[in-house]
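Count residues from 1 along the sequence.
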Amino acid sequence: RDLKNKSMLNWVKDDFNNFGKYVESNNQIKQLSSKSIDLAFIGSGLSSSSTLIEYINQIESYEFKKDNDESINIVVFEKDSWMWGGIPYGRRSGYTTLIITPLDEFLPASELTLFINWMADNIDWLIIPFNENAGNRSKKWLSNSINKIKSKDSARLHIPRYFFGIYIWEKIKNAINKSSKKIKLEFVKSEVTSINQCLDNKNQYKIGLENNSYIFYANQILLGIGIPKIRSLNHQKLELNNSLLINDPYEPDLQSNITEIKNQLDKNSCSKILIVGANASALELIYQITNLDSFENNSVKLSILSPQGKLPDLFIKDKKTSFSAESLKELSNSSREITADLILDSFKDDLNYKDLNNYNISDTLPV
């Protein structure tokens, strides 16, 4: 099956079926826009999702200027077809993309056991899209990992990113179900293009959607819009001929672009691939390309162009190092009022010291 164009509700467990659906009809959206929103989230990635969970958990102890039978109205605006997880933990990163650290380094201890238990309980349906998109490396991961997940021996595993996105999705559902407050949570699939303070009410904001289709009014807004737009290379004058250019690996999603790369490799017995940049996305591209049968069956040369001329240093947990972040330490011990600017300046000073004294990035990470 081609999962890219299917609803995720085709393979998730049944009790998700009525949760997290977008408001679809124009009448529903029009009705939603006619009422004031208590809290609007722009983007449904990890920052928005985590904040929403915490908000729901904390409102139990708050007093609201609402009648007991009146709902707290929350609306989430998201432009992607996958509701939760954003780019890193949703569909756009692909179903076989793994987190770059083991679980026990990815999650705090308070969350680790909960997540490990949740994976073990849900792995049979969680693994369906991974199986259907698995390349050679993914199949090897699966044979090495599936029994460890089922037996809850998964603390040192690099697990598929979308697992965590769905875990957060379920935490939101559970938080709402357990809350004694009446919460109305709605989802609108659209890109927000403008936010303005209302002229006649300084405590309210006006939210504009793409094509100025509808205007919403919210008392509070949380922006969870993720990373800035990826800077693309100017390729307007390039004659691609028998070449393929991908400006953003996650547009529309990684799996679609990997399929394009596969088709390009299949057309040529010898291929050259240039990856511009050496960040986490570049590492993921290398992994996914080498995951293809087409990579093994053809002659492929991979080159990476990066400012430092190398891939990122390996993170070694509890690495022994003499590096010390003296500027940050001094700031922490001072009696000054600490601001974000001061933290950033101290951080830059310490990184500059790292460069001048030939420390690796991996030396600074434990600190």
Does a sphere of radius 6.0 Å around [atom1] in [X] hold more than 12 heavy atoms from other residues, nucleotides or ligands, not counting ones at 6.0 Å or beyond?
{"X": "Leu342", "atom1": "CG", "answer": "yes"}
{"X": "Gln28", "atom1": "CD", "answer": "yes"}
{"X": "Gln308", "atom1": "CD", "answer": "no"}
{"X": "Lys354", "atom1": "NZ", "answer": "yes"}
{"X": "Glu111", "atom1": "CD", "answer": "yes"}
{"X": "Lys79", "atom1": "NZ", "answer": "no"}

Check: [Y] and [X] side chains under 4.5 Å, non-hydrogen atoms:
{"X": "Met119", "Y": "Phe163", "value": "yes"}
{"X": "Thr97", "Y": "Tyr287", "value": "no"}
{"X": "Glu132", "Y": "Ile128", "value": "yes"}
{"X": "Leu46", "Y": "Phe164", "value": "yes"}
{"X": "Ile273", "Y": "Ser303", "value": "no"}
{"X": "Ile56", "Y": "Leu185", "value": "no"}
{"X": "Lys171", "Y": "Trp118", "value": "no"}
{"X": "Lys262", "Y": "Leu265", "value": "no"}

*Residue pair Asn131, Tyr95: steps toward the side chain to side chain contact (heavy atoms under 4.5 Å, CB included) verdict*: CA-CA 9 Å; Asn131 264 326; Tyr95 293 108; over 6 Å; no
May I ask you to decide if the ring planes of [X] and [Y] are parallel, tilted or perpendicular, using 30° and 60° as cut-offs?
{"X": "Tyr162", "Y": "Trp11", "answer": "perpendicular"}
{"X": "Tyr353", "Y": "Phe323", "answer": "tilted"}
{"X": "Phe130", "Y": "Trp141", "answer": "tilted"}

*Between Thr364 and Asp350, is a side chain to side chain contact (heavy atoms under 4.5 Å, CB included) present by the stated rule, with each step listed?*
CA-CA 9 Å; Thr364 72; Asp350 287 328; over 6 Å; no
*Leu199: which other cluster members, linking ILVMFWY side chains closer than 4.5 Å, directly or transitively?*
none
Short side-chain to backbone donor-acceptor contact, [X] and [Y], under 3.5 Å:
{"X": "Asp38", "Y": "Asn73", "value": "yes"}
{"X": "Glu186", "Y": "Val75", "value": "no"}
{"X": "Asn279", "Y": "Ala282", "value": "yes"}

*Is Glu70 salt-bridged to Lys184, going by a charged N under 4.0 Å from an acidic O?*
no
_I'd like to know if Arg91 pairs up with Asp80 as an ion pair, taking the criterion as any Lys NZ or Arg NE/NH1/NH2 lying under 4.0 Å from an Asp or Glu carboxylate oxygen._
yes
*Please report the shortest heavy-atom distance between Ser190 and Leu209, naming the atom on each side.*
OG-CB, 3.6 Å
*Taking all atoms of both residues into account, what is the closest heavy-atom pair of Val367 and Ala325, and its distance?*
CG1-CB, 3.8 Å
*For Asn291 and Ser138, run side chain to side chain donor-acceptor pair (under 3.5 Å): C-alpha distance rounded to whole Å, both residues' side-chain angles, the deciding distance at 0.1 Å, then the answer.*
CA-CA 7 Å; Asn291 204 9; Ser138 303; 2.7 Å; yes
*asked:* Whether the Asn268 and Asn298 side chains hold a donor-acceptor pair (N or O, under 3.5 Å, no angle test) is what I'd like checked.
replied: no
*Go through the steps to decide whether Ile87 and Ser93 satisfy the test side chain to side chain contact (heavy atoms under 4.5 Å, CB included), and finish with yes or no.*
CA-CA 6 Å; Ile87 293 178; Ser93 279; 4.0 Å; yes
_Passing candidate, ring-ring contact (aromatic ring centres under 6.0 Å, His included) with Phe77, options Tyr22, Phe216, Phe187_ = Phe216
